[in-house]
Asker: 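Got a structure here, written out as structure tokens. Questions coming.
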Amino acid sequence: MKKPTIKLFNSLKRSLEEFIPLEENKVSIYTCGPTVYDSSHIGHARSFIVWDCWVRFFREINYEVKWARNITDIDDKIINRSIQMGIEPQKLARIETYKYWKDMHSLNVQWPDYEPKATENLPQMFAFIEGLMQKGFAYQAENGDIYFKVSVFKHYGQLKNIKNEAENISRLENLNSKENTCDFALWKAFNKNEYGFESPFGHGRPGWHLECSAMIKNIFGQTIDIHGGGEDLTFPHHENEIAQSEALHSCQFSRYWIHNGMVLVNGRKMSKSEGNFITIESALKNYSGNAIRFFVLSAHYRQSVNYTEEALQAAQNGINKLFQIFAHDEKIEIDKNNLNPTFMDNFYQYLAEDLNTACALSVTFEIAKLINKSEGNIIELKNTLAHILSVLGFNLTEKLINSCDENTQNSIVKLLLDIRNNAREVKNFQLADQIRLHFEKAGYKLKDSAEGTDLICLSKV
RNA sequence: GGCGAUGUAGCCAAGUGGUAAGGCAGAGGUCUGCAAAACCUCUAUGCGCCGGUUCGAAUCCGGCCGUCGCCUCCA
């Protein structure tokens, strides 16, 4: 297969560019992960699904991908929440990390190759700060805080597109101990009795922006191919990452920057602080992980999308229609040597054009229609459809039919017992015994009494 | 105020010069014991508004209006 030319919208240049990796056939990609202090919501889900899809696509067209996605486990929010809950910050971080992993699993988001945590990279951060101080890009204020000196870094404002100093006025009026409002904290000093870590600069906590720069340096070195994140992170987070890393290394930090659009609720950004969020966990009560993924992928990743129940239901109906095709298959096995070249080519072209997943999804419906009409090579078409769905990251093991949840199973058992008791009443013992035998084969003994019929699990007696 | 997006049918959403993908919802039909699923047909002479460039514009240019994001923690 010929590798398609990938174009992606580089936020750094604000234009669509051909992707040319540093090393041929290799991609190093870092995406911003969560701050683990509370449940992830659909906005987070979108971001994680989009990066998962980028990575899956790169792998599909035979790039050797190294993907890192961090976990921010030091943060004021974690500390504040943990105080409220009366537990250690690191314990809260672990609890929330497990929940996050569970959400990622439900959404079929792949494990990244590296998942660095801030708390596990403190020495790297110390070294980073020391390097910046030695080069004159950082200073320690009287209160012990260490700040990055923005005025010394001449290339500040690449992502934000700042043209002159006057535009670069922060809304923050509080200088604290900073020399300039634009300067940002690399290290925040705290009293010994407050939560923090020992460092060469005293007791305190690292700044958020520093974390990503230090971990990227640790995993990938000075330059990576792609850095991704939500578009709300472009400023100041990503701008500051660039400043730190390029100041220290005197070379380009990330060659391409990709940013995903926001999920809106009633026209407003879904966010914790607005309180208008739907957690992944709660959405999964009504819709499948595949439906959430379908919802995300049916819009271009850079657009903002509105979360509505109607949209999620539409996504659920859409994905159900596609999976209906595999409803009677025991399991889905993909033979990569039996793919429809025309559809695959179209599919690749769409994804290669800045990951146009909406168009890529339209290919699946074209194939589905042919299969449902029994036109063409059905085995090849089904195989192609399954493969495309897997590249988009859908979970092919989610069964549509012949499976039901525990509540439904229990109610069906009750229904069977009712039918059997009705049969006994009308002396249809053949049917009653047939049902009894069926339960016994499944490992349950039926015991009739005046109070009704009890179900005894033989393996638990 | 600065920076950046965006406005396409009831809803979601593709489409950067050649005559409006796809999905959801809806209507009618085929099939069916009844359903479900599937299939067929229908659903924007028009892409926020007004001008301009062009043989030709949703697409390019200018103006206007609306919406959103960032500039403060945020995916």
Side-chain angles (χ1 to χ4, degrees), chain A residues 9 11 14 16 31-35 37-38 40-51 69 72 75-78 80 100 157 159-174 181-182 184 208-209 228-239 259-264 266-274 277 280 291 294-322 324-325 327-328 346 350 353 356-366 368-375 400-401:
Chain A
F9 187 90
S11 308
R14 282 167 291 282
L16 209 57
T31 59
C32 287
T35 300
Y37 76 102
D38 199 357
S40 300
H41 57 62
I42 298 295
H44 301 116
R46 182 185 194 192
S47 190
F48 301 138
I49 287 169
V50 163
W51 308 134
R69 188 185 61 206
T72 299
D75 182 86
D76 288 355
K77 285 179 181 173
I78 296 173
N80 293 338
Y100 158 68
L159 273 174
K160 197 192 178 191
N161 196 22
I162 298 167
K163 295 195 184 83
N164 59 64
E165 274 296 311
E167 289 172 4
N168 192 18
I169 294 169
S170 172
R171 287 206 312 224
L172 273 181
E173 288 178 5
N174 189 359
T181 47
C182 303
F184 57 90
W208 173 45
H209 314 302
E231 72 173 348
D232 54 349
L233 298 184
T234 48
F235 193 90
H237 185 51
H238 293 158
E239 190 72 58
H259 290 100
N260 68 278
M262 298 293 101
V263 174
L264 311 179
N266 295 323
R268 295 275 158 206
K269 187 171 93 165
M270 181 182 287
S271 72
K272 296 279 176 63
S273 47
E274 291 273 333
F277 59 92
I280 295 169
F294 188 101
F295 165 73
V296 167
L297 298 183
S298 62
H300 187 94
Y301 77 92
R302 283 190 285 113
Q303 298 282 20
S304 52
V305 294
N306 247 307
Y307 177 95
T308 60
E309 293 300 322
E310 196 187 5
L312 261 287
Q313 190 57 55
Q316 183 73 66
N317 293 346
I319 196 67
N320 284 356
K321 182 170 179 167
L322 294 175
Q324 185 67 37
I325 286 169
H328 296 285
N346 289 345
Y350 286 134
E353 193 74 15
N356 192 333
T357 50
C359 283
L361 275 176
S362 73
V363 176
T364 63
F365 285 96
E366 276 183 58
K369 180 155 270 188
L370 287 181
I371 295 170
N372 285 330
K373 288 202 289 189
S374 300
E375 283 179 19
L400 266 185
I401 66 166

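Lettering follows sequence order; numbering is per chain, from 1. These numbers come from the heavy atoms of this one structure, side chains and all, not from hydrogens, waters or symmetry mates.
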Asker: Nearest whole Å is fine: how far is B:rA75 C1' from A:Leu264 CG?
Answerer: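 In whole Å, B:rA75 C1' and A:Leu264 CG are 13 Å from each other.
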Asker: Determine the interplanar angle of the A:His259 and A:His238 rings, folded into 0 to 90°, and report it as parallel if under 30°, tilted if 30 to 60°, perpendicular if over 60°.
Answerer: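 Rings of A:His259 and A:His238: tilted, as their planes differ by 30° to 60°.
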Asker: When both hydrogen-bonding distances must be under 3.5 Å and the geometry is Watson-Crick or G-U wobble, what is B:rC34 paired with, if anything?
Answerer: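 With both distances under 3.5 Å required, B:rC34 matches none.
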Asker: Which one is paired to B:rU53, where only Watson-Crick or G-U wobble pairs with both distances under 3.5 angstrom count?
Answerer: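 Partner of B:rU53: none.
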Asker: Figure out the CZ/P separation between A:Arg14 and B:rU16, and round it to whole Å.
Answerer: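 Taking atom P of B:rU16 as the reference, CZ of A:Arg14 is at 21 Å.
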Asker: So what's B:rU19 paired with, Watson-Crick or G-U wobble, going by both distances under 3.5 Å?
Answerer: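 The base-pairing partner of B:rU19, which may sit in any strand shown, does not exist here.
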Asker: Closer than 4.0 Å, any side-chain N/O of A:Asn356 to the OP1 or OP2 of B:rG15?
Answerer: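 Yes, within the criterion.
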Asker: If each of A:His44 and A:Glu310 is mapped to the nucleotide of RNA chain B with the nearest heavy atom, which maps nearer the 5' terminus, i.e. the 5' end?
Answerer: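 Taking each residue's closest nucleotide, the earlier one in sequence belongs to A:Glu310.
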Asker: Can you check the distance between B:rG1 and B:rG23, where both ends of the measurement are the P atom (answer in whole Å)?
Answerer: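 Those two atoms are separated by 44 Å.
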Asker: Applying the Watson-Crick and G-U wobble criteria at under 3.5 Å, what pairs with B:rA58? Answer none if nothing qualifies.
Answerer: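 For B:rA58, the partner nucleotide comes out as none, under the 3.5 Å rule.
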Asker: Rounded to the nearest 0.5 Å, what's the gap from NZ on A:Lys321 to CG on A:Asn372? Could you check?
Answerer: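 A:Lys321 NZ to A:Asn372 CG: 7.5 Å, rounded to 0.5 Å.
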Asker: Does a nitrogen or oxygen in the side chain of A:Arg268 sit under 4.0 Å from OP1 or OP2 of B:rG69?
Answerer: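 Yes, A:Arg268 has a side-chain N/O under 4.0 Å of OP1/OP2 on B:rG69.
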Asker: With under 30° as parallel and over 60° as perpendicular, where do the rings of A:Tyr307 and A:Phe295 fit, or are they tilted in between?
Answerer: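 Perpendicular, since the angle between the ring planes exceeds 60°.
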Asker: Below 4.5 Å, heavy atoms only, C-beta onward: do A:Phe9 and A:Arg302 meet side chain to side chain?
Answerer: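 Answer yes - side chains close enough.
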Asker: Nearest whole Å is fine: how far is B:rG69 P from A:Asp232 CG?
Answerer: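 Computing the A:Asp232:CG to B:rG69:P distance gives 11 Å.
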Asker: Using Watson-Crick or G-U wobble geometry with both distances below 3.5 Å, tell me the partner of B:rC39, or none.
Answerer: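 Result: B:rG29.
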Asker: Have A:Gln316 and A:Asn320 got a donor and an acceptor in their side chains that come within less than 3.5 Å?
Answerer: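 Present: a donor and an acceptor within the cut-off.
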Asker: May I have the distance from A:Leu312 (atom CG) to B:rC12 (atom C1'), rounded to whole angstrom?
Answerer: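 The distance from CG of A:Leu312 to C1' of B:rC12 comes to 11 Å, rounded to the nearest Å.
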Asker: Using modelled atom types only, decide if a donor and an acceptor are shared between the side chain of A:Glu239 and the backbone of A:Lys160 within a distance under 3.5 Å.
Answerer: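 Checked: pair present.
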Asker: When you check every protein heavy atom under 4.0 Å of nucleotides 39-44 of chain B, what one-letter string (B, S, -) results, 5' to 3'?
Answerer: SS----
Asker: Kindly point out which of B:rC24, B:rG23, B:rA75 is positioned nearest to the side chain of A:Asn317?
Answerer: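 Looking only at heavy atoms from C-beta outward on A:Asn317, the closest nucleotide is B:rC24.
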Asker: Tell me which nucleotide, if any, is Watson-Crick or G-U wobble paired with B:rC73 when both distances must be under 3.5 Å.
Answerer: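 No nucleotide pairs with B:rC73.
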Asker: By nearest atom, which of the nucleotides B:rU6, B:rA75, B:rA13 is closest to the A:Ala299 side chain?
Answerer: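 Of the candidates, B:rA13 comes closest.
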Asker: Any strand is fair game: report the nucleotide pairing with B:rU67 by Watson-Crick or G-U wobble, both distances under 3.5 Å, or none.
Answerer: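 Because both required distances fall under 3.5 Å, B:rU67 counts as paired with B:rA5.
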Asker: Rounded to the nearest 0.5 Å, what's the gap from CD on A:Glu366 to CD1 on A:Ile371? Could you check?
Answerer: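 One gets 12.0 Å once the value is rounded to the nearest 0.5 Å.
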Asker: Which nucleotide, B:rG69, B:rA13, B:rG22, lies nearest any side-chain atom of A:Glu231?
Answerer: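 Nearest nucleotide to the side chain: B:rG69.
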Asker: Starting at SG of A:Cys32, measure out to NE2 of A:His44 and round the result to the nearest 0.5 Å.
Answerer: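 Answer rounded to 0.5 Å: 11.5 Å.
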Asker: Could you give the distance separating B:rC11 and B:rG29 at their P atoms, to the nearest angstrom?
Answerer: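 It comes out at 27 Å once rounded to the nearest Å.
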Asker: Nearest to the side chain of A:Lys160, heavy atoms from C-beta on, is which of B:rA75, B:rC71, B:rC68?
Answerer: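 Output: B:rC71.
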Asker: Name the residue closer to the 5' end of RNA chain B, choosing between A:Asn306 and A:Gly33 according to the nucleotide with the nearest heavy atom.
Answerer: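 Its nucleotide being nearer the 5' end, the pick is A:Asn306.
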Asker: Picking from B:rA21, B:rA75, B:rG23, which would you name as closest to the side chain of A:Cys359?
Answerer: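 From the listed options, B:rA21 comes nearest.
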